[in-house]
Peer 1: 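For reference, the structure I am asking about is given below.
Owing to the predicted nature of the structure, the values given are computational and were not obtained by experimental measurement. Sequence positions, counted from 1, serve as the residue numbers for this chain.
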Amino acid sequence: MSIAGRPVAAHLRARVPALTGRVVARLLADLPVYAGLPHEEISGDIADIVQHNLRLFADVVEHRRPATDAELAQQRDSAAERAEEGVPLDAILTAYQVGTAMCWQETAKGALPGDLPAVLEIMDRIMVLQQQLTSAVSSAYLEARKILDSQEHGGRHALMAALLTGEPLDRFTHRTGLRPAARYLTMTLALAPHPDELNQSPGPGAGVAARRKIRRVRTALDHFAGTPVLTALDASGGTVLLPAAEPPPPWRGPGGLCALVEEAARVAGVTVIAAAETAEPEAVPAAVARNTEIVDLVARTGRPPGLYRLADVLLEYQLSRPSEALHGLAQLLRPLEAKPELLRTLETYLELGLDRRATAAALHIHPNTVDYRIRRIDRLTGLSPARPADLQHISAALVARRSV
């Protein structure tokens, strides 16, 4: 079909990039909820679905048929994601209507009297497509909200609450009819803020960005487990419980737990600090409390993001326990408090495996300056990293300083 002497489908496909930009700009101008969405989402998911709709309209016109279920799958997925992010359904449907109207305006531009039959047929096609879009988007959105509400108030939520509070299992099973797994992999996650949470705070876009981040983390966890996992997450992180598989997944390597945390960080676009421990249901509260301490300890001591277990931080964990010895260890380095450059050199020197050249490069000083500062540390504290016995005390003292 042609209008004003040009094939409609070919013309529309050629105009997709420019028309997408105009449609997105119109949505931002007319719909406040879209204006509050993160920039990443506008330029990514929203622009993608607009382009998909424009190309779908070109296909419908060219082949003179309704859209197929497969061609509407991306719209359904998009609607479900917006439901999880809390975008209102009326705003989504309005966005589709705006896009359809602008698509029609582009298609009918310059129509001549002789184009009336084509105009009427294309109008009929676009009305059918709009009806299909409304039905597909609404049903997917409402189904997603139903699932979310069910999860929030249903059995999985009750099971999570029972495990975290240490409710006796026989009482819980009798009350709900649900039976916990024999063992759980408990994980505590600390999620850094996404840039969109910071750039759009305190507007509504920050909340959408946070929910989007949480959804992506949950999706990675569910994919790893092969089933929806138990989660209690907010924007800063939280707790995850996965039924422990037999055999358990490896800690490192492909398909391992460290790779899972790396994938969650990648899809969410944030750094993630995590701790994990396997526990029987009765021991879940203690394991979660221990994981929380480990995550806090890792963050406090400046370790890199990633997954940790107690064995990775045994010294720091033990030294973080309140005791007189902890205070005494911290005091070993007290003479350096007035010399921050010496303390920083000492920390860097230990972090880099006592490599004077690497330390000098990290601090942008000469290697001889590193040697001089280490000698000054020895004179002030009586401790030198060059002496193995002193090295143990220095490492413990640095940990103690961060813990008191």
Peer 1: Would the number of heavy atoms belonging to other residues, nucleotides or ligands and lying under 6.0 Å from CZ of R179 be above 12?
Peer 2: no
Peer 1: Are the side chain of R216 and the backbone N or O of A264 linked by a donor-acceptor pair below 3.5 Å?
Peer 2: no
Peer 1: Judged by atom type as modelled, is there a donor-acceptor pair below 3.5 Å linking the side chain of R145 to the main-chain atoms of A83?
Peer 2: yes
Peer 1: Determine yes or no for a side-chain-to-main-chain donor-acceptor pair under 3.5 angstrom, with K213 supplying the side chain and A192 the backbone.
Peer 2: yes
Peer 1: With distance as the sole criterion, is a donor-acceptor pair present between the side chains of E40 and H194 under 3.5 Å?
Peer 2: yes
Peer 1: Taking D115 for its side chain and A4 for its backbone only, find out whether a donor-acceptor pair lies under 3.5 Å.
Peer 2: yes
Peer 1: Given the rule in the side-chain contact (heavy atoms from CB on, under 4.5 Å) test, do Y184 and E280 qualify, once you have shown the distances and angles that lead to the verdict?
Peer 2: CA-CA 6 Å; Y184 285 94; E280 296 180 352; over 6 Å; no
Peer 1: Go through it in stages, so that I can follow the logic: the residues are V288 and E277, the test is side-chain contact (heavy atoms from CB on, under 4.5 Å), and I'd like the CA-CA distance, side-chain angles, deciding distance and then a yes or no.
Peer 2: CA-CA 8 Å; V288 170; E277 177 182 334; over 6 Å; no
Peer 1: For Q131, I'd like to know if atom CD has over 12 heavy atoms of other residues, nucleotides or ligands within 6.0 Å.
Peer 2: no
Peer 1: Would a distance-only check, ignoring hydrogens and angles, find a side-chain to backbone donor-acceptor pair under 3.5 Å from H52 to L72?
Peer 2: no
Peer 1: Measuring from R373:CZ to L380:CG, what's the distance to the nearest 0.5 Å?
Peer 2: 13.0 Å
Peer 1: Taking all non-hydrogen atoms of both residues, which atom of L242 and which atom of A225 are closest, and how far apart?
Peer 2: CD2-CB, 4.0 Å
Peer 1: I'd like to check the side chain to side chain contact (heavy atoms under 4.5 Å, CB included) partners of R387; sequence neighbours left out, ordered by chain and number.
Peer 2: D378, S384, D390
Peer 1: Looking only at atom types and distance, does a side-chain atom of H63 sit under 3.5 Å from a main-chain N or O of R65, one as donor and one as acceptor?
Peer 2: no
Peer 1: Do any N or O atoms from the side chain of D222 and from the backbone of V229 form a donor-acceptor pair under 3.5 angstrom?
Peer 2: yes
